[in-house]
Amino acid sequence: MEAPEALAPAWIVLGRTAGGVEALELDADARELRRTTVPRTELAAWVAVRETVHRPRWVWSDAPSWYGPLLDAGVRVARCHDLRLCHAILRDSVFVADDAGLRRVVEWDATPLAEAVDDDSALFSFDEGPVGPPDDLAGVAAEFERQRLAIARSSEAGRLRLLTAAESAGALIAVELRAAGLPWDAATHDAILVETLGERPAGGGQPARMEELARQVRLALGDSGASLDSQPKLLRSLHRAGILVESTSRWELAEQRHPAIPPLLEYKKLSRLLTANGWTWLDEWVRDGRFRPVYVPGGVVTGRWASSGGGALQLPRMLRTAVRADPGWLLVVADVAQLEPRVLAAMSSDAALADAARGRDLYSGIVESGIVETRQEAKIAILGAMYGATTGDSGRLVPRLRRTFPRAMSLVDEAARVGEDGGVVTTWLGRSSPPPSEGWRTAQSQATEADASAADQTRARRWARDRGRFTRNFVVQGTAAEWALSWLADLRGRLDRMTFPSDGAEAPRSGPVFARHPHLAFFLHDEVIVHTPAALAEEVAVAVQESAATAGRLLFGDFPVDFPLDVRISRTADKS
DNA sequence: AATTCGTCCTGC
DNA sequence: TCAGGCAGGACGAATT
């Protein structure tokens with residue numbers, strides 16, 4: 001080999017120069033081994049060799065800008081450290097006491113890359129500041145050293161290592177998900193649209209069924225010119241017809257008894273489908289049989305992913321039959337049952353809640369424990385506990401949970417108290433909530449002064465409770481996101497190790513990089529879809545389960561909580 | 001004319 | 001389906 005084993009790099013830091021790329025190879029203790037300049041055109045091949053020989057952790061400013069082009073060139077890597085994402089975590093984490101100067105470096109507080117990339121004007125504007133983090137080797141290596149030290153000096157170094165590794169794995173997976181795409185059958189989608197909306201109008205105008213429904217509504221209202229697409233105008237038309245609603249929202253309309261209401265509700269439903277996921281969406285987002293949304297790891301304060309473009313977070317259920325595996329391939333669709341309460345049980349060491357959850361539907365387990373009558377009650381009670389409900393059925397049921405699951409409830413109650421007091425809360429692995437805004441703190445301190453008005457005090461209390469609900473949910477939602485990232489990262493590794501049957505299915509349309517392995521095709525909070533050669537589908541289904549168990553052990557050790565999955569093997573991603 | 005705000009609906 | 005957390009996107013209306 002070209003590099004002697006003794007000099008095998010554990011880390012390779014990449015930075016950009018005018019003509020190409022500079023690489024700094026480091027050993028396991030981050031001591032410098034070599035510096036190399038690589039012409040841009042040779043980067044993919046250079047990376048491929050080192051990946052094959054050494055499997056280093058690639059250290060770069062951000063995964064999309066580095067890994068996107070590498071993947072396009074057919075090169076995958078196993079591990080990376082995404083400095084931009086990890087900076088955001090370490091900057092805010094209360095587990096970082098000695099930050100090695102990390103919090104003083106503002107240039108790494110860049111806007112999420114997807115925003116910068118999507119906004120063409122940012123490329124040409126000079127007054128909006130940097131669109132991305134620093135990218136020269138000196139700047140990148142310095143930030144890496146700060147992050148390395150910040151983690152190493154933390155009393156919770158193990159958790160932060162896990163979190164930064166999981167976050168970085170997520171960064172790779174997000175790029176790969178976009179490159180692979182979700183197999184999408186445009187013909188099925190079109191058939192659903194035609195069946196639901198009616199034929200697509202040739203020369204503009206509305207689909208046939210919507211047109212007919214609109215006619216029925218106008219007839220029933222006795223208002224031939226009624227506008228159904230403008231909320232204020234529709235509201236006025238309804239009032240003129242004697243339908244005295246305060247809004248045009250579905251639940252309020254549904255309470256009314258009037259012949260115009262059923263066709264109006266149906267019209268609104270169809271209108272929603274047409275505008276959000278109609279033919280325009282299909283033309284714009286589905287190419288070559290793939291839906292390729294932009295995933296934004298760490299895009300949500302809690303650590304959940306966001307998405308940008310295509311509405312990947314809101315694929316309507318009725319379109320899931322359009323998600324269709326390539327010929328000879330299958331989809332393995334898996335989601336976790338009640339992830340968040342299970343995570344809560346584990347992080348609070350609440351054995352009673354873990355018992356109620358074990359091996360079955362958690363809500364049924366709570367019913368069996370006797371504190372509520374029905375599964376539905378159990379569900380709204382648990383959701384109320386995690387979201388901070390104080391009124392209604394949910395708020396009424398929460399006190400019962402407090403008696404039966406005191407440890408779990410005190411964890412979320414304490415998180416809410418800290419938030420109301422202006423404090424910071426932290427997930428299991430160390431992602432901390434942002435501190436309260438200046439305006440929030442000002443409102444709180446003003447409300448305690450002698451001349452504070454009743455309105456000031458009311459507002460301050462409301463804002464305090466709002467923030468308490470946020471921090472209450474933050475610890476659970478954020479830790480669930482950490483579990484999900486661990487699940488995903490472990491699964492990715494298992495899928496890569498599976499061998500493609502040589503005489504098996506034809507290559508998928510996902511591109512050459514994904515032609516030889518089952519690969520992740522979709523991820524949303526607690527659900528994954530794997531696109532796999534049919535012969536490997538059973539093996540993939542097992543791997544998905546094993547990865548869930550591994551994620552549980554990785555985060556919570558031996559604490560006896562399980563994470564049962566609903567796993568389906570199918571041509572489509574239909575939910576039964 | 002361009003940008004921001006508010007409403008509504010989808011997902012977890 | 002209301003309450004109670006986190007999102008994205010479309011659209012019309014209001015604002016600049």
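Naming: A, B, ... by sequence-line order, numbering from 1 per chain.
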Which residues pass the side chain to side chain donor-acceptor pair (under 3.5 Å) test with A:R287, not counting sequence neighbours?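 Not a single residue meets the side chain to side chain donor-acceptor pair (under 3.5 Å) criterion with A:R287.
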
With sequence neighbours excluded, what pairs up with A:H525 under the side chain to side chain donor-acceptor pair (under 3.5 Å) test?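 Counting only residues at least two positions away or on another chain, A:H525 forms no side chain to side chain donor-acceptor pair (under 3.5 Å).
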
Using a heavy-atom cut-off of under 4.0 Å over every strand shown, decide if A:V301 touches base, sugar-phosphate, or nothing.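 The residue A:V301 makes sugar-phosphate contact but no base contact.
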
Within the structure shown, what part of the strands sits under 4.0 Å from A:Q376 by heavy-atom distance: base, sugar-phosphate, or nothing?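 Contact class for A:Q376: base.
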
Hey, does the side chain of A:R465 come within less than 4.0 Å of C:dG4's phosphate (OP1/OP2), counting only N and O?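 So the side-chain polar atoms of A:R465 never come under 4.0 Å of the phosphate oxygens OP1 or OP2 of C:dG4.
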
Look at A:S308 and C:dG8 and indicate whether a side-chain polar atom (N or O) is within less than 4.0 Å of OP1 or OP2.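 Result: no.
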
May I have the distance from [X] (atom [atom1]) to [N] (atom [atom2]), rounded to whole angstrom?
{"X": "A:L228", "N": "B:dC8", "atom1": "CG", "atom2": "P", "value": "15 Å"}
{"X": "A:Q314", "N": "C:dA10", "atom1": "CD", "atom2": "P", "value": "9 Å"}
{"X": "A:R320", "N": "B:dT10", "atom1": "CZ", "atom2": "P", "value": "15 Å"}
{"X": "A:E420", "N": "C:dG5", "atom1": "CD", "atom2": "P", "value": "12 Å"}
{"X": "A:R304", "N": "C:dG5", "atom1": "CZ", "atom2": "C1'", "value": "8 Å"}
{"X": "A:L565", "N": "B:dC12", "atom1": "CG", "atom2": "C1'", "value": "16 Å"}
{"X": "A:E252", "N": "C:dT1", "atom1": "CD", "atom2": "C1'", "value": "13 Å"}
{"X": "A:R317", "N": "B:dT10", "atom1": "CZ", "atom2": "P", "value": "12 Å"}

Taking ring pair (Phe, Tyr, Trp, His ring centres under 6.0 Å) as the cut-off, I'd like each qualifying pair that reaches into residues 257-279 of chain A, sequence neighbours left out, listed once.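 Listed once each, the pairs would be none.
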
Determine which pairs satisfy ring pair (Phe, Tyr, Trp, His ring centres under 6.0 Å) with at least one residue from residues 406-429 of chain A, sequence neighbours left out, and list them in order.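 Applying ring pair (Phe, Tyr, Trp, His ring centres under 6.0 Å) to every pair that reaches into residues 406-429 of chain A, excluding sequence neighbours, yields A:W428-A:F556.
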
With sequence neighbours left out, what residues match A:A186 under side chain to side chain contact (heavy atoms under 4.5 Å, CB included)?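 With sequence neighbours excluded, A:A186 shows a side chain to side chain contact (heavy atoms under 4.5 Å, CB included) to A:L282, given in chain and number order.
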
For A:W285, enumerate each residue passing the side chain to side chain contact (heavy atoms under 4.5 Å, CB included) test, keeping only those at least two apart in sequence or located in another chain.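 Counting only residues at least two positions away or on another chain, A:W285 forms a side chain to side chain contact (heavy atoms under 4.5 Å, CB included) with A:W281, A:F291.
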
How long is the gap from CG on A:L344 to CD1 on A:I382, to the nearest 0.5 Å?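 A:L344 CG to A:I382 CD1: 7.5 Å, rounded to 0.5 Å.
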
Can you measure from CE (A:M318) to CG (A:L193) and round to the nearest 0.5 angstrom?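 Interatomic distance, A:M318 CE to A:L193 CG, rounded to 0.5 Å: 8.0 Å.
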
So which nucleotide from C:dA7, B:dC12, B:dT10 ends up closest to the side chain of A:D526?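 Closest nucleotide to the A:D526 side chain: B:dC12.
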
Which one, C:dA7, C:dG5, B:dC8, comes nearest to the side chain of A:R469?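 Closest of the options to the side chain of A:R469: C:dG5.
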
I need the residues from residues 383-412 of chain A with at least one non-hydrogen atom less than 4.0 Å from DNA chain C; give them sorted by number, or say none.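 Listed by number, they are A:Y387, A:A389, A:T391, A:G392, A:D393, A:S394.
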
With a 4.0 Å heavy-atom cut-off, tell me which residues in residues 260-279 of chain A come close to DNA chain B, sorted by residue number.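 Going residue by residue through residues 260-279 of chain A, the ones with a heavy atom under 4.0 Å of DNA chain B turn out to be A:K268, A:R272.
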
With the threshold set at 4.0 Å, does a side-chain nitrogen-carboxylate oxygen contact exist between A:R304 and A:E167?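 No, no charged N to carboxylate O under 4.0 Å.
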
Before accepting this row, confirm whether a basic side-chain N of the pair A:R492/A:E176 lies closer than 4.0 Å to the acidic partner's carboxylate O.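 Salt bridge: yes.
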
DNA chain C: 5'-proximal contact among A:F470 and A:I380 (nearest heavy atom):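 Result of the comparison: A:I380.
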
Most 5' of A:T302 and A:R250 on DNA chain C, judged by nearest nucleotide: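 By nearest-heavy-atom nucleotide position, the 5'-most residue is A:R250.
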
Report the stems of DNA chain C as range-with-range entries sorted by first number; a stem here is at least three consecutive pairs, Watson-Crick or G-U wobble, both distances under 3.5 Å, and write none if there are none.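 When the pairs of DNA chain C are grouped into runs of at least three, the stems are B:1-12 with C:5-16.
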
Could you tell me if A:D82 and A:S168 have a donor-acceptor pair between their side chains, going purely by distance under 3.5 Å?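 Note: A:S168 and A:D82 side chains miss the donor-acceptor criterion.
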
Qualifying side chain to side chain donor-acceptor pair (under 3.5 Å) pairs, either residue in residues 378-393 of chain A, two or more places apart: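 Pairs touching residues 378-393 of chain A that pass the test: A:D393-A:R396.
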
Inter- and intrachain pairs under side chain to side chain donor-acceptor pair (under 3.5 Å), touching residues 468-480 of chain A, at least two apart: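 Found A:T302-A:Q477, A:D413-A:R472, A:D466-A:R469, A:N473-A:Q477.
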
Determine whether A:D526 and A:F563 make a side-chain contact, defined as any pair of heavy atoms from C-beta on separated by less than 4.5 Å.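 They are not in side-chain contact.
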
List, with names and distances, any nitrogen or oxygen atoms from the protein found under 3.5 Å away from nitrogen or oxygen atoms belonging to nucleotides 12-16 of chain C.
{"unit_1": "C:dG12", "atom_1": "O3'", "unit_2": "A:S230", "atom_2": "OG", "d": "3.3"}
{"unit_1": "C:dA13", "atom_1": "OP1", "unit_2": "A:S230", "atom_2": "OG", "d": "2.7"}

hbond_proxy A:E255 side chain to C:dT1 base (donor-acceptor, 3.5 Å cutoff):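 Per atom types, no contact qualifies.
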
With a cut-off of under 6.0 Å to the ring centre and 45° to the axis, is A:R459 in cation-pi contact with A:W463?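 A:R459 over A:W463 ring: yes.
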
Hey, is C:dG5 sitting syn or anti, using the within-90° cutoff around 0?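 Here C:dG5 takes the anti form, which means its glycosidic angle is more than 90° from 0.
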
